[in-house]
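Note that ligands are numbered from 1 as they come in the structure, with each ligand's atoms numbered from 1 the same way. Scope of the values below: all heavy atoms of this structure, side chains included, with no hydrogens, waters or symmetry mates. Model, not experiment: these values are computed from the prediction.
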Amino acid sequence: MSTTATRTAFRTCPLCEAGCGLEVTVAGSNGDERVTRIRGDRDDVFSHGFICPKGSTLRQLHDDPDWLRRPMVRRDGRFVEVTWDEAFAEVERRLLPIVEQRGRDAVAVYVGNPNAHSLSGLLYLRPLIRALGTTNVFSASTVDQRPKEVSSGLMFGGGLTVPVPDVDRTDFLLMLGANPYASNGSLATAPDWPGRIEALIARGGTLVVVDPRRSRTAEQATQHVAIRPGADPFLLMALVNVLAADDLVDTGPAGEYLAGVDEVVALARPFTPEAVAAVTGVEPGTVRKLARDLAAAPRACVYGRIGTTTALYGTITSWLVDVLNALTGNLDRPGGAMFTRAAAGASNTRGRPRYGRGLTVHRRRSRVRGAGETLGELPVACLAEEIDTPGEGQVRALVTVAGNPVLSTPNAGRLDAALATLDLYVAVDPYINETTRHADVILPPPTPLQKSHYDLALLQLALRNVANYSPAVLPLADGQLDEWKILARLALITQGMGAGADPAVVDDLVVQTLIGAAVGDETSPVAGREPAEILALLGERTGPERLIDLMLRTGPHGDGFGARPGGATPAVPPALPASTRYRKSGACRTA
Ligand SMILES: Nc1nc2c(c(=O)[nH]1)N[C@H]1C(S)=C(S)[C@@H](COP(=O)(O)OP(=O)(O)OC[C@H]3O[C@@H](n4cnc5c(=O)[nH]c(N)nc54)[C@H](O)[C@@H]3O)O[C@H]1N2
Ligand SMILES: Nc1nc2c(c(=O)[nH]1)N[C@H]1C(S)=C(S)[C@@H](COP(=O)(O)OP(=O)(O)OC[C@H]3O[C@@H](n4cnc5c(=O)[nH]c(N)nc54)[C@H](O)[C@@H]3O)O[C@H]1N2
Ligand code: SF4
Ligand SMILES: [Mo]
């Protein structure tokens, strides 16, 4: 006997930073359910029904016959399906001797972009990387936003303490090197960027786009400034120069926190609009007017994205973006560049305001070319040479998690060739692609519809303070393994605990570490409480749900496990069956 029922599930789209709410229709009986429709969730507090063509394809992704459902091991040059136990045994058998004989740096790890949207990646990669204990940690960040993280770390104390443009309330947006009409926004999380830009222009606001190309966003802009590639820091310095020369510097609310304004003004003195014109290709008159308009706008913000970070002087450019926000009084005020007050995971909502460790860079260098470390990683541009250059510390094994560096990183041909020479390559990835085709073991995660979701990283960069959690829409099929368990088991193998060790061991360690940090933080709502009490209050759960619940409840909007009766108690399943959302007011400031 079969009953066919239809149900509606809600799910945040994990495919880009916009984080749109999706309404998913599921039909079928138990064990044989399929998604019949995906559309934008009109009741989503952030996306209000917005969806792009990619969002509706989660079903096709789920049904894609190429999405691996079983682990694969290479035998005699061909991939064969194996059980999870066999796959992990293979990793253990081949990885441990490499570490033993050649040292920890002989194993490199590369983590790719989808980890930024994955609870498994965000919560369980760290234990794996720590267990590997290698210097050779690489990620997509070093071909993306790393310069902005470094400048933000140096200016504001944390790599993710990046001020975001308050597009919804600004009068003037100066955008460099971003094309949100194509990308849907980046390091400025908000669904429907095009709609937000159109609203800005409809209310009489101004959008100036600085881009060598006439991008789709430039076409919509009030003004397009066609700069020469890589010349952004010269343009921004010239803007500082004009602000100072015309006596337009007014630091506004953030002024009392600023240091070095006079030094910056002095540094900008040689960079007159005339002096930089040959480099930037921008008329001096255009630069003068831009600086004056920026200063005159009641609320303005400057926003730079990937065209400014994947460039020479990317860190200086990223810094200058916020220097301009500060000098025009637009840093940390509505309609300017603001700091999100994220509900979970943000380092800037923990500890005593204005006290922290700051950011130290270049604590070590890469073996071959001596490139400096940032935020615990080496530039991925160095990966190929670390593999194909013999000597002490040469990389002989690689673990990739959700990355395709043969497509996404520089000098990819050399990397492609180098990967073929490794003694062991383990990929946590659902596809056989340009990179993973070189793998010896592929460990595939479940599909997005089979995972719960909370944008732990990107909600720290959201234009409005929002917290959206959604449970998995579909259950795992027989033979699939949660991604967090894959990462945890790899960590346990690396620590010598064996291929069969229980991933719950890692999970318990992570939750205990997080609880320890929370009760030990004098500013936390659970400061001084017994770790065992908090652990018990979290209930009998394993996996990301328990961790995210803890983070939300001890976060700046949470109930603090009873300490803040008015605070939100974001119930994460099994307490609540459906998507849970809560929203705080739009204004945001750092602690
Ligand atoms: N030429 C050029 N290069 C670029 C860029 C560019 O615009 N042009 N952009 C740069 C930028 S901004 C970035 S972020 C990087 C991206 O660089 P990467 O992160 O290396 O590349 P992606 O193509 O995002 O790779 C995603 C991988 O994750 C796998 N995957 C998808 N979902 C999951 C999952 O749930 N779990 C796991 N474990 N794996 C999953 C996919 O199969 C794929 O192998 O590329 C950078 N490089
Ligand atoms: N459909 C789709 N959407 C995506 C992604 C995807 O792969 N596909 N990837 C996502 C990811 S990982 C990211 S990081 C974001 C990136 O999102 P964005 O940062 O918005 O990046 P792009 O859309 O590549 O736009 C970058 C712009 O910078 C311009 N540019 C290039 N060089 C320079 C320069 O020297 N100076 C200036 N001022 N501009 C320059 C380019 O012409 C381009 O228009 O997109 C996300 N959205
Ligand atoms: S804009 Fe991004 S988050 Fe929204 S539906 Fe498209 S891919 Fe998904
Ligand atoms: Mo990216």
Side-chain angles (χ1 to χ4, degrees), residues 11-22 38 40 47 50-58 61 66-68 110-118 120-121 125 138-145 175-194 209-218 225-233 235-236 280 303-314 317 380 400-410 412 427-436 442-448 450-451 455 458 483 486-487:
R11 173 70 163 88
T12 308
C13 176
L15 297 183
C16 88
E17 293 183 30
C20 302
L22 304 178
I38 296 182
S47 62
F50 180 82
I51 184 170
C52 88
K54 283 198 290 179
S56 61
T57 64
L58 286 184
L61 209 52
D66 290 337
W67 187 289
L68 301 175
Y110 173 80
V111 307
N113 178 62
N115 290 300
H117 305 279
S118 150
S120 301
L125 264 173
F138 304 91
S139 86
S141 294
T142 50
V143 280
D144 188 351
Q145 79 288 353
M175 179 187 293
L176 306 100
N179 185 14
Y181 271 79
S183 69
N184 280 307
S186 186
L187 290 193
T189 296
D192 194 13
W193 255 89
V209 170
V210 178
D211 195 311
R213 228 164 40 90
R214 193 161 175 81
S215 65
R216 274 168 67 198
T217 309
V225 177
I227 193 169
R228 296 225 160 93
D232 301 78
L235 173 67
L236 297 179
T280 61
Y303 162 66
R305 207 37 289 272
I306 199 164
T308 62
T309 55
T310 49
L312 198 59
Y313 312 125
T317 309
V380 68
T400 63
V401 182
N404 189 5
V406 169
L407 269 196
S408 59
T409 66
V428 181
D429 204 289
Y431 284 112
I432 298 174
N433 59 25
E434 295 80 357
T435 304
T436 60
I442 305 183
L443 306 168
T447 73
Q450 297 171 309
K451 293 178 180 181
D455 257 304
L458 281 323
E483 188 159 16
I486 300 175
L487 300 177

Geometry only, no angles: is [X] polar-contacting ligand 1 at N/O separations under 3.5 Å?
| X | result |
| --- | --- |
| D144 | no |
| D429 | yes |
| N433 | yes |
| N404 | yes |

With heavy-atom distances below 4.0 Å as the criterion, list the atoms of ligand 1 near [X].
| X | value |
| --- | --- |
| V143 | 10 (C), 11 (C), 46 (C) |
| V428 | 37 (C), 38 (N), 39 (N) |
| Y431 | 42 (O) |
| G112 | 19 (O) |
| G403 | 20 (O), 25 (O), 27 (C), 28 (O), 44 (O) |
| K451 | 34 (C), 35 (O), 36 (N) |

### Message
Side chain, backbone, both or neither: which applies to P445 and ligand 1 if a contact is any heavy-atom pair less than 4.0 Å apart?
### Response
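Under 4.0 Å from ligand 1, P445 contributes side-chain atoms alone.
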### S408, portion touching ligand 1 at heavy-atom distance under 4.0 Å
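It is both parts that get close, each with some atom under 4.0 Å.
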### Query
Under 3.5 Å, is there a donor-acceptor pair linking the side chains of D144 and S141?
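D144 vs S141: no donor-acceptor pair found between side chains.
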### Query
If you measure only the distance, is there a donor-acceptor pair under 3.5 Å linking the side chains of S186 and E17?
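Per modelled atom types, S186 and E17 side chains form a pair under 3.5 Å.
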### Message
Between ligand 3 and P191, can you find any atom pair, the residue atom being a heavy atom, that is separated by under 4.0 Å?
### Response
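Contact absent.
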### Query
Do any of the N/O/S atoms of C52, backbone or side chain, fall under 2.8 Å from atom 6 (Fe) of ligand 3?
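Yes, within the cut-off.
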### Query
What do you think, any protein heavy atom under 4.0 angstrom from atom 26 (C) of ligand 2?
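Within 4.0 Å of atom 26 (C) of ligand 2, protein heavy atoms are found.
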### Message
Among all the protein's heavy atoms, is there at least one whose distance to atom 2 (C) of ligand 2 comes out below 4.0 Å?
### Response
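Yes, there is one.
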What is the closest protein heavy atom to [atom], and at what distance does it sit?
| atom | answer |
| --- | --- |
| atom 2 (Fe) of ligand 3 | C16 SG, 2.3 Å |
| atom 38 (N) of ligand 1 | E483 OE2, 2.6 Å |
| atom 19 (O) of ligand 1 | N113 N, 2.6 Å |

### Query
Considering residues, nucleotides and ligands other than Y431, do more than 12 of their heavy atoms fall under 6.0 Å from its OH?
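More than 12 heavy atoms, drawn from other residues, nucleotides or ligands, come within 6.0 Å of this atom.
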### Task
Kindly confirm or rule out an N or O of R305 lying under 3.5 angstrom from an N or O of ligand 2.
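Between R305 and ligand 2 (N or O atoms, distance only) the closest approach is not under 3.5 Å.
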### Message
Using a 3.5 Å cut-off on N or O atoms only, is L176 in polar contact with ligand 2?
### Response
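Not met; the criterion fails.
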Per-atom contacts, ligand 2 versus [X] - under 4.0 Å to a heavy atom:
| X | result |
| --- | --- |
| G230 | 34 (C), 35 (O) |
| R213 | 41 (C), 42 (O), 43 (C), 44 (O) |
| P229 | 35 (O) |
| D232 | 34 (C), 35 (O), 36 (N), 37 (C), 38 (N) |

### Task
Assess Q145 for proximity to ligand 1: is some non-hydrogen atom of it under 4.0 Å away?
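Per 4.0 Å heavy-atom rule, Q145 does not contact ligand 1.
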### Task
Report yes or no: does a heavy atom of P430 sit under 4.0 Å from some atom of ligand 1?
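P430: in contact with ligand 1 (<4.0 Å).
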### Task
Return the option from A18, A226, P114, G307 holding the heavy atom at the smallest distance from atom 32 (N) of ligand 2.
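Among A18, A226, P114, G307, the closest heavy atom to atom 32 (N) of ligand 2 comes from G307.
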### Query
Nearest heavy atom to atom 47 (N) of ligand 2: which of S183, A140, P53 does it belong to?
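Residue with the shortest heavy-atom distance to the ligand atom: S183.
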### Message
Between ligand 2 and K54, can you find any atom pair, the residue atom being a heavy atom, that is separated by under 4.0 Å?
### Response
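So K54 counts as touching ligand 2.
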### Task
Would you please classify the geometry between the Y303 ring and the W193 ring as parallel, tilted or perpendicular, with 30° and 60° separating the classes?
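W193 vs Y303 ring planes: parallel.
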### Query
Using heavy atoms and a threshold below 4.0 Å, how should the contact between I306 and ligand 2 be classified: side chain, backbone, both, or neither?
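Both of them.
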### Query
Counting only heavy atoms, which portion of S186 has something under 4.0 Å from ligand 2: side chain, backbone, both, or neither?
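The answer is the side chain of S186.
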